[in-house]
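Fair warning: this is a prediction, and the values are worked out from it, not measured in the lab. Throughout, protein chains are lettered first and strands after them, A, B, ... in sequence-line order, and every chain is numbered starting at 1. Values below: every heavy atom of this structure, side chains too, minus hydrogens, waters and symmetry copies.
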Amino acid sequence: MSATAVDVKNVTHRYEAFTALADVSLTVPTGSYTVFLGPSGSGKTTLLSVIGGFLVPQAGSVLINGADMTAVPPAKRPTTTVFQDYALFPHMTIGANVAFGLRMRGIGSKERMRRAHEMLELVGLKGSEAKRPHELSGGQRQRVALARALAVEPSVLLLDEPLGALDLKLRRQMQAELKAIQREVGTSFVHVTHDQEEAMAIGDTIVVMSHGRIEDMGTPERVYLKPATLFAAGFMGQSSFLKGKVRWRTGGRLDIETPVGRLPLPLNGSGADTGDDVVLSIRPEHFVVGAVEGAALSLGSATVEDMTFAGAHHLAVMRHETVDSFRPMVQMPQTGETTPGTTVALGVLPEDVVILKDDS
Amino acid sequence: MTMRGTSWRTAASALYAVLVYGFIFLPVVVLVLFSFQDGRFPIPPFEGFSLRWYEAVLADSRLMEALANSIVVAVGSSLVAVLLGFLAAYGLARFALPAKGVQRALLTAPLTVSYLIIGMGLLITFNFIGFPKSLLAAGIGHVVINLPLCFAIIYSQMGDHQANIEKAARDLGASEWQVITLVTAPMLWPALFAAFFLSMTFSWDEFIISFLLTRFDVTLPVEIWSLLRSGLNPKTNAVGSLVFGISAVLVVVLELVVLRKGRRA
């Protein structure tokens with residue numbers, strides 16, 4: 001088995017005037033859980049269709065296990081798909097649904113029923129072989145769709161917003177189970193979602209997409225803490241943005257002019273150079289509130305406009321004292337005296353600031 | 001005052017209902033009633049109950065032969081109409097075809113053409129190509145009238161959700177033929193069944209096309225028409241009652257099997 005399960009090379013696809021995929025390239029390592037994350041219209045589902053064989057791209061190629069599959073129909077690919085609406089066969093029993101792919105491969109009925117039984121056990125639906133899809137709940141149908149797709153032992157399992165139709169609690173539970181099942185069977189999973197929490201919880205690799213392009217690709221930690229683009233920073237979790245201009249760059253340090261003052265910052269992995277327009281991105285939990293001391297840089301002070309309770313903490317939306325365009329979103333303690341109207345000093349540790357190219 | 005007004009209105013409504021149902025069903029009731037006439041004429045007064053005319057029908061080899069012909073034509077033409085209607089619906093619902101709307105309109109258009117015109121058209125065409133008048137010719141005529149109906153019923157039941165289910169089957173390795181036989185047709189089973197039984201009832205009752213397109217072997221309605229030419233007698237009532245009874249059974253089966261099932265699902 002090759003180390004790369006899926007290799008997408010320079011794939012472009014347009015629907016009339018709309019560019020669904022613009023020169024997309026990426027690799028999916030064998031045995032990993034990859035998540036395509038993006039808003040609707042970002043091209044993530046189109047990319048999944050290209051990998052699954054439901055769509056032949058206008059340009060570029062798709063290799064699966066090293067073999068060119070660009071124009072090979074879905075039936076002949078080592079991939080299977082879990083569809084958003086599950087697409088179970090309503091006239092067949094659960095057992096026959098799960099065994100369908102094996103039947104198409106000419107495997108005898110005894111063997112396929114044994115395998116179907118195993119698969120249903122894997123997804124926690126032992127003993128439901130004789131039931132019909134309409135007798136099951138949404139979550140159970142989801143599991144059947146998963147068992148059916150895994151029964152033929154694909155090299156790559158494609159999941160198209162598989163948890164979209166489930167309620168929040170069930171969705172969080174299924175995320176954990178999907179991850180556990182992926183670990184157990186070792187198949188490469190490619191999962192499409194627009195839910196960034198789901199993506200972070202489940203993916204080994206997150207691919208952030210927007211307007212048919214890949215904005216960022218990496219581990220959830222990396223994409224969250226050091227997003228590569230403004231879009232990735234805004235889509236993955238919450239961030240406050242502050243525009244600035246690099247006055248000069250010397251060695252590993254930048255001196256950035258911002259509306260709240262000059263900030264001396266380390267590069268933090270950024271490629272910004274003297275004269276560049278940049279956007280500084282700060283996560284809510286990275287603000288230092290109150291006593292700004294030690295290594296922390298002062299960002300001036302701001303007034304709390306609104307507080308939202310998020311269980312483990314509060315989230316405050318603030319108005320900066322001097323800069324109207326800067327509206328910090330700051331994580332505050334679970335309990336405390338801060339109420340709307342309070343003015344606090346804000347700061348941030350230099351290494352927590354993400355410096356992004358201003359492409360707006 | 002209001003009480004009297006209400007009861008008066010109720011009585012008027014009831015009378016109206018009786019008249020409506022009488023208008024619809026009286027001819028059938030009279031037909032069936034006088035098929036049991038113990039006498040030579042199917043007209044009042046009713047002279048007593050007898051099954052002798054039914055015995056006469058069953059003993060009439062020409063009528064029995066026509067009955068068998070009718071069954072063969074109804075079953076055969078309905079099977080062909082359902083098969084062709086299903087394939088046309090599948091093609092139009094699942095593939096990008098040129099001028100889809102026009103093709104769909106062309107397929108359903110014969111529904112608006114009278115049977116007489118269709119029968120005459122077929123008669124002229126068959127004459128022209130030298131195709132003899134026969135049960136097969138009548139069967140082809142019945143396919144022509146029932147195909148648009150089958151197409152319309154089946155097409156209306158083919159949705160995008162089912163297209164996705166077919167996509168899943170292909171993804172799991174099914175060939176086009178396996179998709180149709182193992183997934184599409186079984187999913188559409190109620191629609192296929194409804195189309196088949198409706199076609200059967202239409203073919204079973206159909207007279208004018210069969211009349212124009214058959215010669216030696218005829219269907220039951222054509223044979224009844226020959227009987228009627230020699231005058232009314234309770235035997236014609238008996239055979240008419242049989243035709244009506246079989247139609248009624250087909251409709252009841254359709255209701256029980258298809259419509260009930262649809263309601264449950």
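The pair R114(A)-E111(A) meets the salt-bridge criterion, since a charged nitrogen lies less than 4.0 angstrom from a carboxylate oxygen.
Taking 4.5 Å as the heavy-atom cut-off, none of the residues of residues 14-21 of chain A approach chain B. Proximity to chain B among residues 71-103 of chain A is limited to P74(A), A75(A), T79(A), T80(A), T81(A), F83(A), D85(A), A87(A), L88(A), F89(A), P90(A), H91(A), M92(A), F100(A), G101(A), R103(A), judged by heavy-atom separations below 4.5 angstrom.
Residues V152(A) and M104(A) are not in side-chain contact: their nearest non-hydrogen atoms beyond the backbone lie 4.5 Å or more apart. Looking at heavy atoms from C-beta onward, P57(A) lies in side-chain contact with T70(A) at the 4.5 angstrom threshold.
Sorted by first and then second residue, the salt bridge (Lys or Arg N to Asp or Glu O under 4.0 Å) pairs with a member in residues 130-151 of chain A read R143(A)-E177(A); sequence neighbours excluded. Applying the salt bridge (Lys or Arg N to Asp or Glu O under 4.0 Å) test to residues at least two apart or on different chains, none of the pairs has a partner in residues 29-43 of chain A.
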Apply side chain to side chain donor-acceptor pair (under 3.5 Å) to N146(B) and S77(B), showing your working. CA-CA 8 Å; N146(B) 284 326; S77(B) 72; 4.7 Å; no

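Between F95(B) and Y90(B), the ring planes are perpendicular. Angles over 60° get that label, and only those under 30° would be called parallel.
Note that CG of L122(B) is 6.5 Å distant from CD1 of I209(B), once rounded to the nearest 0.5 Å.
Side chain to side chain, S32(A) and D204(A) fail the donor-acceptor criterion of an N or O pair below 3.5 Å.
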